[in-house]
Amino acid sequence: MSATPRTPHASSLGAARRGRELAELADAAAPVDVLVVGLGATGAGVALDAASRGLTVAAVDAHDLAFGTSRWSSKLIHGGLRYLASGQLDVARESAVERGVLMERTAPHLVHAQPFVLPLTPLVPRRNATLAWSGLRAGDLLRASARTARATLPGPRRLSAVETLELAPGLRPYGLRGGLLSWDGQLADDARLVTAIARTAAAHGARVLTRVRALTLDGTGALVRDELTGEQLEIKARAVVNATGVWAGTLAGDIRLRPSRGTHLVLRSEALGGMRTGLHIPVPGESDRFVLVLPQGDGRVYVGLTDEPLDGPVPDVPKVPETDIGFLLDVLGSALDVPLRRGDVAGAFAGLRPLLDSGGADGDRTSDLSRRHAVLTSPDGVVTVVGGKLTTYRRMAQDAVDAVVAARGLSAGPCRTARLPLVGAAAPGTLAALDAPRRLVRRYGTEAPAVHALAVADPGLGRPVVPGLAVTAAELVWAVRHEGALDEADLLDRRTRIGLVPADRDAALAAAREALRELPAPSSPR
């Protein structure tokens, strides 16, 4: 793998570039080859796939990069183990392959191996423990079949009770028989992955435009509105891809979804006794459902997740019901020796999975719905890609671009994204040799020295913006200059994850506003 440049060039996103490219689209006589609506992981992936094949691309989102489901995940790159258990072998295999692509080729700076312990407590019958061990062994066979190296993901093994407590000292020792150790892929940050995909698409010539809302669309383009100025313009296109996830049905009325809500809690690390590993905690009374405990390495731990059907309209930002919080705390209490109460919850977030309606009974659990993705074409020619999950975004994008190339007769090269490094990616040895703090390398890859240089040049930018968190003002400035951040929410809720804890968000607002001072005023695209 060749390293991407340490300093951004064509990959930089910013207000000036946004204004210029909107004006170009407003004045363009010829249509772009592909218009993508939605800039979550899948939409950004479609933009990258199409642009890297040599097609002209415009990609728009009414809000920001990763505004929707893509920022509310468990921050895991799953190998497909749960899909084996439900018999979805093709989905499991696809997940394992795509995990290997991210970890070894396209984003090794953002995805690393994370150990997990499944504690064998008195609430885990020996039969269930045997089934779980068989599943972990099957998952390791999936890893091997996907040709992911053992050095990338170690194999599972059994742990004694002593070893289990060394890795997870917060567990209740009474009745603990031991544990099962396994490994999976963990993202430094899901929203940062989307930013890297979008910037890589921009480096290949895609116009990546946030705060641009699609009002209407068909197979030949869309009427859009610049949300910063209120100006409307038409974007003409030879092909249109709807990648808006849980909102896909609002733009393509023939799409039927059953969104599912997944809730996570945000806890301070000290509340859990300093865990060195993630945990799979079995939900009492269920053999194939687990709550995940996910240390983030930044003083926070995420605990999730639920799988509940969404009733009513799809909100822009899902709310977390108290019932979900209570459920997660109860499951934690079944295994931990540390008493956790509602006051220990520093924050919470919920995401909506865009699951395809399988046509089953309304009472069917959303956890039973398939995670397969689908590429569907409406009567007016709009191609919608929906379903799937974060891990398989690249394959979803490939299938969508294959569909529009075939349907519209576009002249395009083959898909390249399985071996195309994202911005910041490099081989592990190259990343290890970078002259920058390790935390920055894990978030910015080869660009980490450039981010660090901002703090070196101006010591004021090197100070944390919130006591107890490592995020510095230099990272906020970098996000404004090169990652397309346009307001405080972009900085605090997506380019960094400060906003997951409301108190931390409030403390960082002044630093975010200071970083935004260099933004130019928005101008009309015409």
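Count residues from 1 along the sequence. What you are looking at is a predicted structure, and each value in this text was computed from that prediction instead of being measured.
When the ring pair (Phe, Tyr, Trp, His ring centres under 6.0 Å) test is applied to His452, no partner is found at least two apart in sequence or on another chain.
A 4.5 Å side-chain heavy-atom check between Val301 and Gln296 finds every atom pair outside the cut-off. Counting only heavy atoms from C-beta outward, the side chains of Val466 and Ile498 approach each other to under 4.5 Å. Between Leu328 and Val291, some side-chain heavy-atom pair lies under the 4.5 Å cut-off. Side-chain contact between Leu176 and Thr164 is present, with heavy atoms from C-beta onward closer than 4.5 Å. Side-chain contact between Ser334 and Ile281 is present, with heavy atoms from C-beta onward closer than 4.5 Å. Between Leu171 and Leu279 there is a side-chain heavy-atom pair separated by less than 4.5 Å. Taking the side chain as every heavy atom from C-beta outward, Leu102 and Leu193 approach each other to under 4.5 Å.
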Practice task
For side chain to side chain contact (heavy atoms under 4.5 Å, CB included), just list the numbers for Ile77 and Gln186, CA-CA rounded to whole Å, side-chain angles, deciding distance to a tenth of an Å, and then say yes or no.
Solution key: CA-CA 6 Å; Ile77 298 300; Gln186 184 178 36; over 6 Å; no
Exercise for the section: Apply side chain to side chain contact (heavy atoms under 4.5 Å, CB included) to the pair Leu486 and Asp64, showing each step before the final yes or no. Expected result: CA-CA 9 Å; Leu486 298 176; Asp64 182 31; over 6 Å; no
Exercise for the section: Any chance you could lay out the side-chain hydrogen bond (donor to acceptor under 3.5 Å, both in side chains) test for Arg143 and Thr148, step after step, and finish with the verdict? Expected result: CA-CA 6 Å; Arg143 173 208 57 79; Thr148 302; over 6 Å; no
Problem - Test log, rule side chain to side chain contact (heavy atoms under 4.5 Å, CB included), inputs Leu265 and Leu329 - result: CA-CA 9 Å; Leu265 310 182; Leu329 288 176; 3.9 Å; yes
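With respect to the salt-bridge test (charged N to carboxylate O, under 4.0 angstrom), the residues Arg157 and Glu163 qualify. In summary, Arg353 and Asp307 engage in a salt bridge, as defined by a charged side-chain N under 4.0 Å from a carboxylate O. Ionic pairing of Arg268 and Asp504 is present here: one or more N-O contacts between side-chain nitrogen and carboxylate oxygen are shorter than 4.0 angstrom. A salt bridge does not link Asp298 with Arg442: every distance from a Lys NZ or Arg NE/NH1/NH2 to an Asp or Glu carboxylate oxygen is 4.0 Å or more. Remark: Asp90 does not engage Arg93 in a salt bridge, criterion side-chain N to carboxylate O under 4.0 Å. The residues Asp490 and Arg211 are annotated as salt-bridged, a charged nitrogen and a carboxylate oxygen being separated by less than 4.0 angstrom. Look at Arg513 and Glu488 and you find a salt bridge, because one of the NZ, NE, NH1 or NH2 atoms lies within 4.0 Å of a carboxylate O, short of that distance. No salt bridge links Glu98 with Arg395; every basic N to acidic carboxylate O contact stays at or beyond 4.0 Å. Electrostatic pairing of Arg71 and Asp189 does not count as a salt bridge here, judged by no charged N lying under 4.0 Å from a carboxylate O. Between Arg497 and Asp190, at least one side-chain N (NZ, or NE/NH1/NH2) sits under 4.0 Å from a carboxylate O, which counts as a salt bridge.
A donor and an acceptor atom, one from each side chain of Lys389 and Ser73, are nowhere located under 3.5 Å apart. Residues Ser74 and His264 have side chains that bring a donor and an acceptor to within less than 3.5 angstrom of each other.
Taking the six-membered ring for Trp and thresholds of 30 and 60 degrees, His63 and Phe67 have nearly parallel ring planes, at less than 30 degrees apart. Aromatic ring pairs are classed by plane angle as parallel below 30°, tilted from 30° to 60° and perpendicular above 60°; the pair Phe349 and Tyr302 is perpendicular. Classification of the Phe116-His280 ring pair by plane angle, with boundaries at 30° and 60°, yields parallel.
Within the structure, every pair that satisfies the side-chain hydrogen bond (donor to acceptor under 3.5 Å, both in side chains) test and touches residues 341-350, not counting sequence neighbours, is listed here: Glu322-Arg342.
Partner of Arg192 under the salt bridge (charged side-chain N to carboxylate O under 4.0 Å, His left out) criterion, out of Glu475, Glu483, Glu447: Glu483 alone. Partner of Val111 under the side chain to side chain contact (heavy atoms under 4.5 Å, CB included) criterion, out of Met103, Arg99, Lys75, Glu104: Met103 alone.
A distance of 13.0 Å separates CH2 in Trp478 from CG in Leu461, rounded to the nearest 0.5 Å.
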